Amino acid sequence: MSALFQTYARAPMEFVRGEGVYLTTADGQKFLDFGAGIAVCSLGHAHPRLVKALGDQAETLWHVSNLYRIPGQERLGARLVDNSFADRVFFTNSGAEALECAIKTARKFHAQQGNPEKYRLITFDGAFHGRTLATISAGGQEKYLEGFGPAVQGFDQVPYGDIDAVEAAITDETAGILIEPIQGEGGIRTVPWSFFRQLRDLADRHSILLIFDEVQSGIGRTGKLFAYEWTGIEPDIMAIAKGIGSGFPLGACLATEAASEGMSAGTHGTTFGGNPLAMAVGNAVLDIVTEPGFLERVSELGLLLKQKLAQIVDDNPDVFELVRGEGLWLGLKCKVPNQDVVASLMDQKLLVVGAGENVIRIMPPLIVDQEQIDDACNRINNACKAYRERR
Ligand SMILES: *Cc1c(COP(=O)(O)O)cnc(C)c1O
């Protein structure tokens, strides 16, 4: 019997080694990894520069408390600020913790302004914000809430992309609007970028905060450093995680000076967040992702992959319905159960990840090349053929 909580229905595979976009099992099978640990391994596996950054830091200093100054944290914070709308950063170990900080920051902002009754956030159907008690309540998905007692109060869910519903949901108790620029777990669900401009207008008109969950979309995944850059507007608060650590547990909550005003000394904290090891990796990731041409390359390869996937949809209309997404963050909506497609692709030694709305997510490490994209697309075509023959 396994000693582990049975919270995951795991595939019976054990990867023991990773290199670039490839993963190898204990018995020597090599897989092409287009899931990247659910959009985490932004620079692939065992990137030499990340290995060196982590190794050098490991030999120097692992951990000091946030009771002291941490130079790597100040440096990464300043660089995130230089490369975004934000003025302030709080480091965490995960996406959900970054969201917790974002939610607390929004509530505290209004409390600080003398309006503690403004604590509610408007959220969207299909959302995913993590698995803590507050973030399952924010996500509002019954399957994640069930059996865990009363939901955390203060989240009002409306349909994704419905501006009238957002406006109607704003009350004297509303603190802000929390949204993913593209829904990842929801199935690479998109709304027109113009929707975010409307949200910004509404937020400004009602003096409430706009919060972006970029835990999955951030750090180059869409071809911009942050997906909000596509929208033409800026949020007040943003949560990031996944790609910034490329596999090392690291998240952050970013905010403007004004929005972060309530988060004064003693109001929030973390033991591990922003620890020197994580900061060494985060700084090295940012070194690479902000190199000239890196994001342009993500956009170009993303476009190429999307075109190829569109062709695959055309060629396999019995399996796929459509392709959607931005950059190297693409979803194939399936006509057959998506988990069957994930399994068929596993037979072809291609890893992808399922999502809502019967979608499979194609999200290779951002360092993928054209040849590997061609290889993956061949494997998808082969999987369709094999799936068809089996039926
Ligand atoms: C993964 C994810 C989270 C949760 O991150 P964890 O590190 O698992 O806590 C939150 N929001 C979005 C959009 C995510 O994709």
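Here the structure is a predicted model, which means the values were calculated and not measured. Whatever order the structure lists ligands and atoms in, that order sets their numbers, starting from 1.
- Shown here are the side-chain hydrogen bond (donor to acceptor under 3.5 Å, both in side chains) partners of D347, two or more places apart in sequence or in another chain: there are none.
- Under a 4.0 Å criterion applied to the non-hydrogen atoms of H129, ligand 1 contributes the atoms 10 (C), 11 (N).
- The nearest heavy-atom contact from the protein to atom 5 (O) of ligand 1 is G95 CA, 3.3 Å.
- Nearest-heavy-atom check against atom 4 (C) of ligand 1 across G130, A39, S94, G218 picks out G130.
- Defined by atom type and a distance below 3.5 Å, a donor-acceptor pair is missing between the side-chain atoms of S299 and E296.
- Contact annotation: for E180 versus ligand 1, heavy atoms closer than 4.0 Å belong to the side chain alone.
- If you look at K242 next to ligand 1, the close heavy atoms, those under 4.0 Å, all belong to the side chain.
- The nearest heavy-atom contact from the protein to atom 9 (O) of ligand 1 is A96 N, 2.7 Å.
- Among protein heavy atoms, the minimum distance from atom 11 (N) of ligand 1 is reached at D213 OD2, 2.7 Å.
- No donor-acceptor contact under 3.5 angstrom links the side chains of Q57 and W62, judged on distance only.
- At least one N or O atom of Q216 sits closer than 3.5 Å to an N or O atom of ligand 1.
- With K118 contributing its side chain and D172 its backbone, the two residues share a donor-acceptor pair below 3.5 Å.
- K242 has no carboxylate O lying under 4.0 Å from a charged side-chain N of E214, or vice versa, which leaves the two without a salt bridge.
- Taking only nitrogen or oxygen atoms, main chain and side chain alike, V215 does not reach within less than 3.5 Å of ligand 1.
- Side-chain N/O atoms of E326 and T190 include no donor and acceptor closer than 3.5 Å.
- Of the charged side-chain nitrogens involved, at least one lies within less than 4.0 Å of a carboxylate oxygen, so that R388 and D318 count as a salt-bridged pair.
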